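If you're wondering where the values come from, they're calculated on a predicted model, not measured in any experiment. Numbers here simply count residues along the sequence, with the first being 1.
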Amino acid sequence: MKKILMTMVAVFAAMNMNAQVYVGGSVGFGSAKVGGGESESTYKIVPEIGYNLNDQWAIGASLGYQKGACNFGSFDFAPGDTEIFTVNPYARYTFLNSDMVNVFVDGGLGFASIKDGGSLFQVGLRPGIALKANDKISFVAHIGFVGFETASPKHGDSSNAFGLELDNNNILFGVYYNF
């Protein structure tokens with residue numbers, strides 16, 4: 001039993017020494033004033049964790065929380081105190097890998113739950129770029145989305161959308177720490 005336990009510990013340690021785990025995420029804040037109304041603030045927190053399988057492939061997931069005037073892809077929600085929780089697992093393919101820059105595309109699923117508002121689902125591709133500051137720190141940007149989205153509000157009819165979005169609602173900046 002002792003030999004089996006020691007072998008398992010050695011295998012686990014060897015796997016972790018070669019692990020290419022990254023953690024990070026993004027945060028966002030915005031404020032808008034429509035007409036003569038009050039200013040509305042929005043903030044977003046999106047932590048992320050991933051594992052590099054090799055130089056080209058990685059798997060990961062992000063969890064998000066957003067409060068304020070919310071949108072999810074093609075669908076906008078009423079301003080105010082809307083809260084949205086998201087889960088986005090993905091597979092990442094890096095097609096340009098250099099010493100300073102990685103260009104990649106994330107293929108994944110997205111699920112969102114809107115407090116007192118319904119749910120949303122998306123499947124598609126999100127291109128991105130990572131700038132390596134050093135071996136441990138990378139600055140990352142995701143730009144746009146192409147795919148399918150569907151919204152199922154608690155009150156009202158479901159909506160579907162398919163297409164390419166390259167607007168300022170689909171730009172996300174973040175930082176990764178590579179282990």
Side-chain angles (χ1 to χ4, degrees), residues 22-35 37-53 56-96 102-130 138-176:
Y22 57 89
V23 294
S26 24
V27 295
F29 177 80
S31 182
K33 186 173 185 177
V34 179
E38 294 184 27
S39 292
E40 304 241 358
S41 296
T42 301
Y43 63 90
K44 181 187 291 191
I45 301 167
V46 187
E48 185 174 341
I49 186 166
Y51 181 81
N52 291 314
L53 300 171
Q56 277 127 357
W57 287 99
I59 55 172
S62 64
L63 300 173
Y65 173 78
Q66 182 174 342
K67 184 173 174 127
C70 295
N71 66 18
F72 184 80
S74 299
F75 306 106
D76 292 323
F77 299 94
D81 288 332
T82 303
E83 292 181 74
I84 188 168
F85 299 90
T86 61
V87 177
N88 298 301
Y90 61 85
R92 175 172 294 167
Y93 178 72
T94 302
F95 52 89
L96 174 64
N102 286 347
V103 180
F104 59 86
V105 64
D106 289 348
L109 306 172
F111 176 78
S113 175
I114 302 163
K115 186 175 180 184
D116 300 325
S119 62
L120 302 125
F121 174 77
Q122 68 180 191
V123 59
L125 303 173
R126 189 174 310 276
I129 187 168
S138 298
F139 297 98
V140 180
H142 292 86
I143 303 119
F145 176 79
V146 60
F148 174 78
E149 302 169 310
T150 184
S152 300
K154 278 190 177 179
H155 309 288
D157 296 330
S158 295
S159 300
N160 298 317
F162 179 80
L164 171 68
E165 297 179 33
L166 292 174
D167 59 19
N168 62 353
N169 288 330
N170 283 306
I171 298 174
L172 194 59
F173 297 101
V175 176
Y176 289 168

Main-chain N/O of Gly64 paired to Thr86 side chain as donor or acceptor, under 3.5 Å:
yes
In short, Gly144 meets Pro127 closest at the heavy-atom pair O-CD, 4.0 Å
Distance, nearest 0.5 Å, that separates OG1 of Thr94 from CG of Asn52
7.0 Å
Minimal non-hydrogen separation, Phe121 against Leu109, with atom names
CZ-CD2, 3.9 Å
Gap separating the CD1 atom of Ile45 from the OG atom of Ser62, nearest 0.5 angstrom:
13.0 Å
Minimal heavy-atom distance between Leu63 and Pro47, with the atoms involved, is O-CD, 2.9 Å
For a 4.5 angstrom cut-off between non-hydrogen side-chain atoms, does Tyr43 reach Val27?
no
Could you state the interatomic distance from CG (Leu120) to CD (Glu149), rounded to the nearest 0.5 Å?
8.5 Å
So which atom in Val105 and which in Phe95 form the shortest heavy-atom distance, rounded to 0.1 Å?
N-CE2, 4.2 Å
How far does NZ of Lys115 sit from OG1 of Thr82, to the nearest 0.5 angstrom?
10.5 Å
By ring-ring contact (aromatic ring centres under 6.0 Å, His included), which residues pair with Tyr65, not counting sequence neighbours?
Phe85
Indicate yes or no for a side-chain donor-acceptor contact from Thr150 to the backbone of Ser159 under 3.5 Å, with no hydrogens or angles considered.
yes
Could you tell me which non-hydrogen atom of Ala58 sits nearest to which non-hydrogen atom of Tyr22, and how far apart they are?
CB-OH, 4.0 Å
Rounding to 0.5 Å, atoms CG (Asn102) and CG (Leu96) come to a distance of 7.0 Å
What's the shortest heavy-atom distance between Ile49 and Tyr90, and which atoms?
O-OH, 4.2 Å
What is the ring orientation for His142 with Phe104, classed by angle as parallel under 30°, tilted 30 to 60°, or perpendicular over 60°?
perpendicular
From CG (Asn160) to CD (Gln122), nearest 0.5 Å:
13.0 Å
